[in-house]
Protein chains: 2
Amino acid sequence: MPRTNAGPGVTVTSRVLSVLGCFDAEHTSLTLTEIALRAELTLPTAHRLVGELAAWGALRRERHGGYVIGRRLWDLGLLAPVQTDLRDVASPFLQDLYGATLATVHLAVRDGVNALYLDRVSGHASVPVVSKAGSRLPLHSTGVGKVLLAHAPAAVRHEVLAAPLERFTPYTIAQPSRLARQLEHITQDGYATTTEEMTLGACSIAIPVSVNGHTVASLGIVVPHLRACARLVPALQVAAQGIARNLSPG
Amino acid sequence: MPRTNAGPGVTVTSRVLSVLGCFDAEHTSLTLTEIALRAELTLPTAHRLVGELAAWGALRRERHGGYVIGRRLWDLGLLAPVQTDLRDVASPFLQDLYGATLATVHLAVRDGVNALYLDRVSGHASVPVVSKAGSRLPLHSTGVGKVLLAHAPAAVRHEVLAAPLERFTPYTIAQPSRLARQLEHITQDGYATTTEEMTLGACSIAIPVSVNGHTVASLGIVVPHLRACARLVPALQVAAQGIARNLSPG
DNA sequence: TGCGCCCTTCCGTTGAGCGGAAGCAGGCCG
DNA sequence: CGGCCTGCTTCCGCTCAACGGAAGGGCGCA
C-alpha cells in the first residue's frame with residue numbers, strides 16, 4: 001500500500017487549500033463527509049486536516065455539526081489589499097469607456113475624507129483634469145468624491161460637513177446644507193455630477209461601484225459640459241456592474 | 001540530520017497556518033525572510049509553503065517583493081458567519097448591562113430592511129418587549145433599527161424611506177421626512193431613541209457597534225421612559241466599545 | 001567592484017502523513 | 001427493542017513527501 005495514491009503534485013498544503021476551497025457562497029456550511037467528497041480526500045484525512053483547521057480557528061464547527069469559515073479567516077480576509085485587485089479588474093473597463101468617449105475616465109476609492117484615485121485613462125483630446133493615479137482630492141468637490149461621500153458611513157459624512165469646505169473655483173459648493181441636499185439626491189438618482197467645482201472648464205459624472213451592497217469605489221468621467229449626461233450614465237453603470245461582477249466571489 | 005527538528009505537534013498544516021498567522025493589521029505586507037522569521041521556519045521551508053499559498057491565491061506577491069493576503073482569502077473571509085461570533089462576544093456585555101439596569105438589553109444586526117435580533121437579556125422586572133433572539137422587526141420603529149438604518153448604505157435608507165412605514169402604535173413615525181430628519185440627528189448624537197413607537201409603554205435607547213469604521217450591529221436597552229437617557233448612553237457606549245474591541249483583529 | 005540582503009535551488013535523510021479497517025454514537029423506523 | 005443507516009472517530013504499519021544545510025544567483029548601493 002503506498003502512503004498515498006493521490007498522484008504527483010498533491011502535498012499537504014494543497015490538501016489543506018482544497019479543504020478551504022470547498023467553501024463558496026452556495027456551500028457556506030459543510031459536514032466533514034461533504035468536505036471529504038468535495039476536496040477528494042478520504043474521511044480520516046479530511047478529519048485530521050479539518051480538525052487542525054478548526055483548532056486554529058480557520059474553520060468552526062457549528063451546533064448542527066457543519067463546518068463554516070471561522071474567525072481567523074475573516075480577520076485575514078480584512079487584510080487583503082482589495083484596492084489593487086480593484087484597479088486590475090477595472091482597468092479594461094476604463095479603457096473601454098475611454099475608447100467610446102475619448103474623455104478622461106477615472107476610478108477612485110474613499111481614503112478617510114479624500115478620494116484616492118486608483119487609475120485614470122485620458123488622451124490628448126480629453127478635458128485636462130487634476131486627478132492622476134495615486135493622487136487624493138477632497139470628496140466634496142469631485143464627482144467620484146460626492147458619490148463616495150453619499151455612500152460613506154454616516155460618521156464620515158458628518159465629519160466632512162462639519163469641517164470648512166474648501167473652494168477651488170467660484171462654483172465649488174462650500175455650504176454644508178447645500179452639499180447635504182445634493183448627497184440625498186445622489187442616493188436617489190444613482191449618480192453624481194459636478195459643474196466646474198474642482199476645475200474651471202471641467203464637469204464630471206460619477207456613479208458608485210458596489211459589491212454585496214457596499215460601495216467600494218466610484219467610477220467617473222470628465223467632460224466639458226453635462227449635455228451628454230443621459231447617455232453617459234448608463235454606459236458608466238454597465239462598466240460599474242462589470243467591475244463589480246468581476247470583484248465579487250460569485 | 002532529522003527531517004525536522006521543530007518538535008512534536010508541528011505539522012505541515014500548522015506551519016501553513018503559522019505563515020498565515022504572520023499577517024495582522026500592523027504587518028500587512030511581509031517579505032519571505034520576514035515571514036520565515038515570524039513563523040519560525042527556515043527560509044527554504046518558508047519558500048516552499050509561501051510559493052504554494054501564492055500559487056493558490058491565498059497570498060499574493062506585490063511588485064516590491066512583499067507578500068500580502070490574496071484574493072482567495074478575502075473571498076473566504078466574506079463567507080464567515082460573523083453574526084455568531086458577534087453574539088458570543090457580546091453576550092457577557094449584555095449580561096453586565098442587564099445586571100446594572102435590570103432592563104431588557106438586546107443586540108441586533110441589519111438584515112435587509114429589518115433588524116435581526118441576535119440576543120436578548122431580560123428579567124421579570126423588565127419592560128415587556130416583542131424582540132427575542134432570532135426575531136426580525138422593522139428598522140424604522142425600533143431604537144436599534146434606527147441606528148442600523150442611519151448607518152446603512154444609502155440605498156437601504158432610500159428603500160426604507162420610499163416604502164410605506166407601518167404603524168404599530170399611535171406614536172410610530174410613519175412620515176418619511178420626519179424619519180429622515182431623525183436619522184440625521186442619530187449620526188450626530190451617536191445614539192437613537194424611541195418613545196412607544198413599537199410597543200406602548202416601551203421606550204428604547206440604542207447605539208451603534210462599529211468595527212473599523214463600519215457599523216456591524218446595534219446595542220439597545222428598553223426602559224419605561226427616557227429619563228435615564230443621559231446615564232444609559234455612556235454605559236451602552238462602554239459596552240459597545242468592549243464588543244468592538246473583542247471583534248476586531250487588533 | 002565588493003558587500004549585504006533577499007531569495008532560490010538542490011538532494012540525502014527520515015518521520016509525518018496516509019488510508020483501510022474497525023468501531024462508536026445518534027437517530028429513525030418497523 | 002433491535003437493526004440499519006449516517007456521520008464520524010480512532011488505530012497503526014508503511015512509505016514517500018517534507019525538511020534544512022549548503023551552495024549559488026540577482027539586485028541595489030557605496
Side-chain angles (χ1 to χ4, degrees), chain A residues 1-23 26-70 81 84, chain B residues 1-24 26-70 81:
Chain A
M1 179 199 70
R3 213 182 65 173
T4 180
N5 56 8
V10 174
T11 62
V12 173
T13 304
S14 70
R15 289 167 179 252
V16 168
L17 296 174
S18 292
V19 168
L20 294 180
C22 292
F23 295 87
E26 275 78 48
H27 304 90
T28 57
S29 179
L30 296 165
T31 64
L32 180 64
T33 308
E34 286 167 337
I35 292 170
L37 275 176
R38 289 175 64 87
E40 299 184 315
L41 302 171
T42 62
L43 214 43
T45 298
H47 184 251
R48 277 191 294 99
L49 298 182
V50 166
E52 205 162 347
L53 286 166
W56 190 76
L59 299 180
R60 198 186 67 211
R61 195 163 198 200
E62 288 192 314
R63 259 163 287 193
H64 63 277
Y67 288 91
V68 296
I69 295 294
T84 312
Chain B
M1 181 198 65
R3 215 178 67 174
T4 182
N5 56 9
V10 174
T11 63
V12 172
T13 304
S14 72
R15 286 166 180 254
V16 167
L17 296 174
S18 292
V19 168
L20 294 180
C22 293
F23 295 87
D24 60 35
E26 276 78 50
H27 305 89
T28 58
S29 178
L30 296 165
T31 63
L32 181 65
T33 309
E34 285 167 337
I35 292 170
L37 274 175
R38 289 175 62 87
E40 298 184 318
L41 301 171
T42 62
L43 216 40
T45 298
H47 184 252
R48 278 188 294 102
L49 299 182
V50 166
E52 205 161 347
L53 287 166
W56 189 75
L59 300 179
R60 199 186 66 213
R61 195 165 200 197
E62 289 192 312
R63 258 162 288 194
H64 64 277
Y67 288 92
V68 296
I69 295 294

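Reckoned from all heavy atoms, side chains included, excluding hydrogens, waters and symmetry mates.
- In terms of heavy atoms, B:Leu49 sits closest to A:Thr13 at CD2-OG1, 3.5 Å.
- Contact detail for B:Phe23 and B:Thr28: the closest heavy-atom pair is CD2-O, 3.7 Å.
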Can you give me the N/O atom pairs linking the protein to nucleotides 24-28 of chain D at distances under 3.5 Å, or say none if there are none?
none

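- Here CG of B:Leu41 is found 9.5 Å from CD1 of B:Ile35. Values are rounded to the nearest 0.5 Å.
- Under the 3.5 Å distance criterion, the side-chain polar atoms of B:Ser18 are matched with a main-chain donor or acceptor of B:Ser14.
- In the region residues 27-42 of chain A, proximity to DNA chain D at under 4.0 angstrom, judged on heavy atoms, holds for A:Thr31, A:Leu32, A:Thr33.
- A sub-4.0 Å separation between OP1 or OP2 of D:dG20 and a side-chain N or O of B:Arg15 is present.
- Checking each of B:Glu62, B:Arg61, B:Glu34 against B:Tyr67 for a side chain to side chain contact (heavy atoms under 4.5 Å, CB included) leaves exactly one that passes, namely B:Arg61.
- Of the two residues near DNA chain D, A:Val12 and A:Tyr67, the one whose nearest nucleotide lies more 5' is A:Tyr67.
- Taking only side-chain nitrogens and oxygens, B:Arg61 comes nearer than 4.0 Å to OP1 or OP2 of C:dT8.
- Closest heavy-atom contact between A:Ala36 and A:Leu43: CB-CD1, 3.9 Å.
- Nearest heavy-atom pair across B:Ser29 and B:Gly66 is OG-CA, 3.9 Å.
- Looking at B:Glu52 and A:Thr11, their side chains do bring a donor and an acceptor atom within 3.5 Å of each other.
- Counting all heavy atoms, side chain and backbone alike, B:Glu26 lies closest to B:Asp24 at N-OD1, 2.8 Å.
- Near DNA chain D, meaning a heavy atom under 4.0 Å away, the residues from residues 43-59 of chain B are B:Pro44, B:Thr45, B:Arg48.
- Remark: the backbone N or O of A:Cys22 is paired with a side-chain donor or acceptor of A:Arg38 at under 3.5 angstrom.
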